[in-house]
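Letters A, B, ... mirror the listed sequences (proteins, then strands); counts begin at 1.
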2 protein chains.
Amino acid sequence: METHLLRTFVAVASSGSFSAAAADLDYTQSAVSQHIAALESSLGTALLTRRPVAPTPAGERLLEHAGAILLRIEAARADVRRVVGEPPGEIVFATTPLAAATRVARALTQLRQTRPGLAVTFEVARRDEVARGVASGAYHLGLVDGIAAPSDPLRLPDVGLLRTSAVAQEGLAVVVPADHPIAGRKRLGLAALVDARWIDAPAVSAPLDDLRAAVETDSLRAALGYAGADVRTLLELVAAGHGLAVLPASVSVPAGVAKVPVGSPRLVHRVELLHGQLDSAAASALAELLDEG
Amino acid sequence: METHLLRTFVAVASSGSFSAAAADLDYTQSAVSQHIAALESSLGTALLTRRPVAPTPAGERLLEHAGAILLRIEAARADVRRVVGEPPGEIVFATTPLAAATRVARALTQLRQTRPGLAVTFEVARRDEVARGVASGAYHLGLVDGIAAPSDPLRLPDVGLLRTSAVAQEGLAVVVPADHPIAGRKRLGLAALVDARWIDAPAVSAPLDDLRAAVETDSLRAALGYAGADVRTLLELVAAGHGLAVLPASVSVPAGVAKVPVGSPRLVHRVELLHGQLDSAAASALAELLDEG
DNA sequence: TCAGCTTACGCCGAGCGTAAATATG
DNA sequence: CATATTTACGCTCGGCGTAAGCTGA
């Protein structure tokens, strides 16, 4: 199974067309057809239906692996380059929206100010994009957040070798309208709220999927999805009674909404710093900054 | 980065010789040399020193990825075959030594008796070998054990897509000589024992590495390593005072040794069943058996 | 009918082996 | 000097493009 065949297969499956994939990859349509034929004959089974072009069950299985394999190959290249190449003059730094709000991010902002010679670029992306980007070398550093049991690592998409060098964690809070019956309570078990109306705002709050996994229930149902990345908007949605949301306990909330710390189950909002191999200078600079934090 | 180049690279690095790798892979020594040269030029850096043949720093980084990539490719093939191929007439079943001792394993032994038409082969291997073997299709089912926080999954080596379909978990116990000061105690915090002399018997007890990760300390030091796979021998080593060991709480111990349940930190000995994609018949048969268990 | 995939076919170069050259301990 | 890797060189075949063929909406 040669890598160029996998690459073509992924391109065809994702575009749904041999000719489109050919254009993407700078092959002729004929070459793409031959690639797919070679893969299919090497595996002894059809991988795609034609007209319409869609993966067969076997193709679906392969697809699940192919992306990961190609990504891992990119990660390998990036990792080797990090050992050999010049240290970059600019650091590209990706974070998930909530992670950026923590003291860790602030520390890195300091880095940018105290070392004006070193350009630092921030970029906000989804969690798996951050992980992929760091693995493949597109980003030098990544900051991701999520919900986990205390001192447990986050479950990141399988992306190869990623190192976690620093974390911050804090409790969770449920954000409710100020006039909600539970608004005055000091602590709260999530179990009491399984039937509540939730807002799923994966970009900006704890993704409901994380919560479901942690609570081990399917009953957290989203009444509303919010795809945006602005916390204030989310809080206004909560204030307007569209549903509840789970956020890190330290979030500051405006009038109109109240936050109630989550007491059980024991869960934390956790932030992890992702990186590939760092040279010792970069590593110690970071460690220093994160200590001050 | 073509797969055959990676394969050659891994073979050369692991054998420490171009000519040996060539013999392994049925190439000429010249072809191997060209493969390495191609990889090195494609990555723009030396990967191996010659005389002696050993990975450079960049080579080490690549090596860390290369094995995983090749394994994942095997896993992809195996996964596709599982969808397409005939269901196997024989089931090859691999377990880690301790996992085999659980009720789950007993249930699967029943399977073998109640369905004499279906041959079942047991094989005992190390945890990562089981995971690798299941991923690559060498084994149909795998049973692995390890230590984790309650209801946490085991941390398996990165091996691609593995499904976990059933688990058993139980507490841990420290096994000590009968005349040991703590032998009479009802519960025990591991922290009290960090300075004790431990026996590291990765094949047969909880690997110390798991414990270290769970306790988040480096101070668990092994006074003795036992590479064998026989629990009784390990217990005799404990009785003779060579050190302590951590085992699942249900292990039955002979006279001369005592077991003390571990109360904190909260950890469990956990058994997971690993498999690739199962057809629905196999899956339901298994589920049934494991429920009875 | 025709858009889009497959097949036929010829050409080029990647990659293999043989064998000579080179390097190192 | 012996052993092991590299380089030179020729050949074969894998894999690409062009173009003709096929097929289902």
Quiz item: Side-chain donor or acceptor of S30(B) under 3.5 Å from a matching atom on the base of dT18(C)?
Solution: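 Answer yes: a donor N or O sits under 3.5 Å from an acceptor.
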
Listed partners of [X] passing salt bridge (charged side-chain N to carboxylate O under 4.0 Å, His left out), at least two apart:
X: R126(A); value: D128(A), E129(A)
X: R127(A); value: D210(A)
X: E60(B); value: none

Quiz item: When you check the phosphate oxygens OP1 and OP2 of dA3(C), does a side-chain N or O of S19(A) lie under 4.0 Å from one of them?
Solution: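 For dA3(C), neither OP1 nor OP2 has a side-chain N or O of S19(A) closer than 4.0 Å.
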
Quiz item: Between Q29(B) and dT5(D), is there a side-chain N or O to OP1/OP2 distance below 4.0 Å?
Solution: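 So the side-chain polar atoms of Q29(B) do come within 4.0 Å of the phosphate oxygens OP1 or OP2 of dT5(D), strictly under.
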
Quiz prompt | Separation of atom CG in L25(A) from atom C1' in dG15(D), rounded to whole Å | solution =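 Value for this atom pair: 15 Å.
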
Quiz item: Could you state the CZ-P distance from F18(A) to dT7(C), rounded to the nearest angstrom?
Solution: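 Rounded to the whole Å, the gap is 11 Å.
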
Could you go over nucleotides 9-16 of chain C and give all protein N or O partners under 3.5 Å, atom names and distances?
residue	atom	partner	partner atom	Å
dC16(C)	OP1	H35(B)	NE2	3.1
dC16(C)	OP2	H35(B)	NE2	2.8

Pairs under 3.5 Å (N/O, protein and nucleotides 22-25 of chain D):
residue	atom	partner	partner atom	Å
dT23(D)	O2	R51(A)	NH2	2.9

Self-check item: Qualifying residues under side chain to side chain contact (heavy atoms under 4.5 Å, CB included), relative to T45(A), sequence neighbours excluded
Solution: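 Side chain to side chain contact (heavy atoms under 4.5 Å, CB included) list for T45(A), sorted by chain: L43(A), L47(A), A58(A), V80(B), V84(B).
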
Exercise. Please list all pairs passing the salt bridge (Lys or Arg N to Asp or Glu O under 4.0 Å) test where one or both residues lie in residues 2-19 of chain A, with sequence neighbours left out.
Key: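 Checked against salt bridge (Lys or Arg N to Asp or Glu O under 4.0 Å) - neighbours excluded - no pair reaches residues 2-19 of chain A.
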
Practice problem: Would you mind listing every salt bridge (Lys or Arg N to Asp or Glu O under 4.0 Å) that reaches into residues 33-44 of chain A, with sequence neighbours excluded? | Solution: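 As it turns out, the salt bridge (Lys or Arg N to Asp or Glu O under 4.0 Å) pairs with a partner in residues 33-44 of chain A, which skip direct neighbours, are E40(A)-R50(A).
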
Quiz item: By ring pair (Phe, Tyr, Trp, His ring centres under 6.0 Å), which residues pair with Y27(B), not counting sequence neighbours?
Solution: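 Checked Y27(B) against ring pair (Phe, Tyr, Trp, His ring centres under 6.0 Å); matches are H35(B).
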
Practice problem: With DNA chain D as reference, determine whether S17(B) or V32(A) sits nearer its 5' end, using the nearest nucleotide of each. | Solution: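 Checking each residue's closest nucleotide, the 5'-ward one belongs to S17(B).
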
Practice problem: With the side chain counted from C-beta on, respond yes when L39(B) and L62(B) share a heavy-atom pair under 4.5 Å apart, and no when they do not. | Solution: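 Result yes, sub-4.5 Å side-chain heavy-atom pair found.
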
